[in-house]
Amino acid sequence: MLLNPATKYPSFPPIRLSDRHWPNRTLTTAPIWMSTDLRDGNQALFEPMNADRKLRLFQTLCDIGFKEIEVAFPSASQTDFDFVRQLITEHRIPEDVSIEVLSHAREPLIKRTVDALIGARRAIVHLVNPTSKAFRELVLMMSKTEVITMAVSSVQLLKHLIADHPETEWHLEYSLETFTATELDFAIEVCDAVSAAWGATPDNKIILNLPSSVEVTTPNVFADQIEWMHRHIAHRDSVVLSVHPHNDRGTAVAAAELALMAGADRIEGCLFGNGERTGNVDLVTLALNLYTQGVNPGLNFSDIKSVASVFEDCTQLAIHPRHPYVGDLVFTAFSGSHQDAIKKGFAAQNPDCVWNVPYLPIDPTDLGRSYDSVIRINSQSGKGGIAHLLETHYGLVFPRRLQVEFSSVVQQHTDSQGGEVSAVALWQLFSHTYLETISPLKYIEHQLFRQDTTQGITLEVAINGSVQRLNGQGNGPIDAAVNALSSMGIHVNVRSYEERAMGQSTNGSEANACAFIELSQTNHNGHHYGVGIDSNIVTAAIKALISGINRLMVTEKLNG
């Protein structure tokens, strides 16, 4: 049994923010994006990326549109140091992109960091030190004053070192590691001291990053913390307020969105939520959430599967099939009611109108994905999904009552076989049920003729292997064929008849016509459909009639 959490885990005092503004705000613009895939994300891998993989992912991040990319922790390893040097000396960094590197607030690490960046056109040095009470007392063994001194002296050292390299446009990011567990009045004290030491101005802003290094509160509390800092930081016009949410509680995306409403200007995170423990905030989800609300995120995910492929190859991490927007199954409906609603939404969607398809908050084609996998069939599926697949892949538009009838055939198949039914397998099942029915009655050929004012037909069929030539007359070819078959004792009524064009035939050669006939047995309640496909509509109709009779013979024990 779990222990009483009230006695085991700390509670955080509420933020004194009775007039909070963020609940009444909406997101209307994109934040400044900073990808930390190559640093924070790379540190979280079973096997860190080599230079080739890091280069490939760096180029992908640039292609997506990231203008700030944290590329390494150069003082932590020779591999990271060499990668930064490679980017600079091989001129791999686009002119509008700033590279960022991390360093702890320690003198030898800062010196090594500056050495790695020599010759860069523009660089962000990211200094970090913990500030929370737990870290001060258990890890650093420092007082509040000593923590502030460490932060300020690190900034002063950085300013001294970069003065020798005016060819680079230098920027500073300072992070209060474990901000969410830091007392707010102390967090403000540290931020203001660091900003003053850097000499931040509106033309030389400092990036103050407030990370939820460990997510310890609900998103609304994080938003309160950010708004409190936003309203109390000195010289706010000289500050870029940044957040770096982690996902320990599974609410990083919500926390990031609320933080933007609360005054944050900048978001740090990784593609698809990679990062230590449960990961950093997912920048793909954040950006596309904005996109679905009519806000241009400034990041290009129009070929999301390509981005995902590069990510998986470089990180050796698999993306979950239910991952928002990119997972293999997120645009797939197995449920019958979902399929029916989606099918109707597609049918009604005007390309010039606002997107309004049930269950799909975003148009899959905006992400370079197709509609082909939106509806898939298993034992949970319904008639709408089945009809959608056959229409999409084979141009076959069902009458509604045939949808109901065939869905029961599919249900029996999936219940007995299990698993998913592909479009190809669905077509094979449909063909076997309706188009390939040659027992007990097999269509061979027919000839039409006119007799006075009526339509005549000579119909050649085989019944249980015995070939028969039948003659009949009626008010049209179908009526004539029904009357011809009645001479064999096969008595049926035509309840409905429809015919539709299919475009190309199933082998792609010529246009086909499809005929649907709903039949019932005289003096019986049972009814079934028959389907015929042929380039000649009359032939298709006769085939549909034979198909329907065979289904009646099998299921309703029609005598003949």
Side-chain angles (χ1 to χ4, degrees), residues 390 396 398-399 401-413 415-417 425-449 455-474 476-499 505-506 512-560:
L390 289 175
L396 192 63
F398 275 23
R401 287 197 297 276
L402 177 56
Q403 293 180 26
V404 176
E405 179 180 299
F406 184 53
S407 68
S408 66
V409 175
V410 177
Q411 184 74 48
Q412 292 173 10
H413 174 83
D415 285 344
S416 63
Q417 301 297 319
L426 200 61
W427 174 259
Q428 291 172 345
L429 183 61
F430 176 79
S431 297
H432 175 74
T433 304
Y434 294 100
L435 305 181
E436 299 167 2
T437 56
I438 59 173
S439 177
L441 198 61
K442 179 183 179 181
Y443 168 82
I444 299 176
E445 65 176 4
H446 76 276
Q447 292 180 341
L448 298 178
F449 59 89
Q455 175 71 63
I457 190 170
T458 298
L459 179 62
E460 188 170 329
V461 297
I463 183 164
N464 296 322
S466 175
V467 177
Q468 304 283 334
R469 287 181 64 86
L470 310 172
N471 292 298
Q473 297 178 27
I478 297 173
D479 190 42
V482 168
N483 290 332
L485 290 165
S486 67
S487 66
M488 297 177 59
I490 300 174
H491 302 288
V492 294
N493 298 319
V494 177
R495 290 169 54 104
S496 66
Y497 171 78
E498 296 182 40
E499 57 187 49
S505 66
T506 53
N512 270 332
C514 185
F516 306 95
I517 290 183
E518 187 180 18
L519 299 177
S520 63
Q521 185 178 356
T522 303
N523 299 323
H524 288 75
N525 293 326
H527 55 90
H528 287 280
Y529 267 93
V531 184
I533 296 177
D534 197 89
S535 58
N536 181 279
I537 187 56
V538 174
T539 304
I542 302 303
K543 288 180 176 180
L545 176 64
I546 301 298
S547 167
I549 289 172
N550 281 332
R551 288 190 40 78
L552 278 172
M553 283 183 169
V554 171
T555 58
E556 302 295 333
K557 308 302 182 184
L558 176 65
N559 295 319

Quiz prompt | Pairs satisfying salt bridge (Lys or Arg N to Asp or Glu O under 4.0 Å), at least one member in residues 458-468, at least two apart | solution = Glu460-Arg469
Quiz prompt | Residues which pass side-chain contact (heavy atoms from CB on, under 4.5 Å) with Pro440, listed by chain and number, not counting sequence neighbours | solution = Asn464, Asn550, Met553
Quiz prompt | Residues in side-chain contact (heavy atoms from CB on, under 4.5 Å) contact with Ser439, at least two apart in sequence or another chain | solution = none
Quiz item: Please, which pairs that meet side-chain hydrogen bond (donor to acceptor under 3.5 Å, both in side chains) have at least one residue in residues 478-490, sequence neighbours excluded?
Solution: none
Self-check item: Sequence-distant partners of Gln412, side-chain hydrogen bond (donor to acceptor under 3.5 Å, both in side chains), two or more places apart
Solution: none
Quiz item: If you look at every heavy atom in Leu426 and Phe406, which pair is closest and at what distance?
Solution: O-CZ, 4.0 Å
Self-check item: Minimum-distance pair of heavy atoms, taken over all atoms of Glu405 and Arg551
Solution: OE2-NH2, 3.2 Å
Quiz item: Who pairs with Glu445 by salt bridge (charged side-chain N to carboxylate O under 4.0 Å, His left out), at least two apart in sequence or on another chain?
Solution: none
Distance-only donor-acceptor hits, side chain of residues 539-548, under 3.5 Å, sequence neighbours excluded:
from, atom 1, to, atom 2, distance (Å)
Thr539, OG1, Asn536, OD1, 3.3
Lys543, NZ, Asp534, OD1, 2.9
Ser547, OG, Tyr434, O, 2.7
Ser547, OG, Val531, N, 3.2

Practice problem: Could you tell me which residues satisfy salt bridge (charged side-chain N to carboxylate O under 4.0 Å, His left out) with Glu518, sequence neighbours excluded, listed by chain and number? | Solution: Arg401, Arg495
Exercise. Apply side-chain hydrogen bond (donor to acceptor under 3.5 Å, both in side chains) to His413 and list each qualifying residue two or more places apart in sequence or on a separate chain.
Key: none
Practice problem: Can you sort out the partners of Gln455 under side-chain hydrogen bond (donor to acceptor under 3.5 Å, both in side chains), two or more places apart, ordered by chain and number? | Solution: Arg450
Quiz item: So, Asn512 versus Ser535: side-chain donor-acceptor pair below 3.5 Å or not?
Solution: no
Exercise. For Ser466, check side-chain hydrogen bond (donor to acceptor under 3.5 Å, both in side chains) against everything at least two apart and list the hits.
Key: Gln468
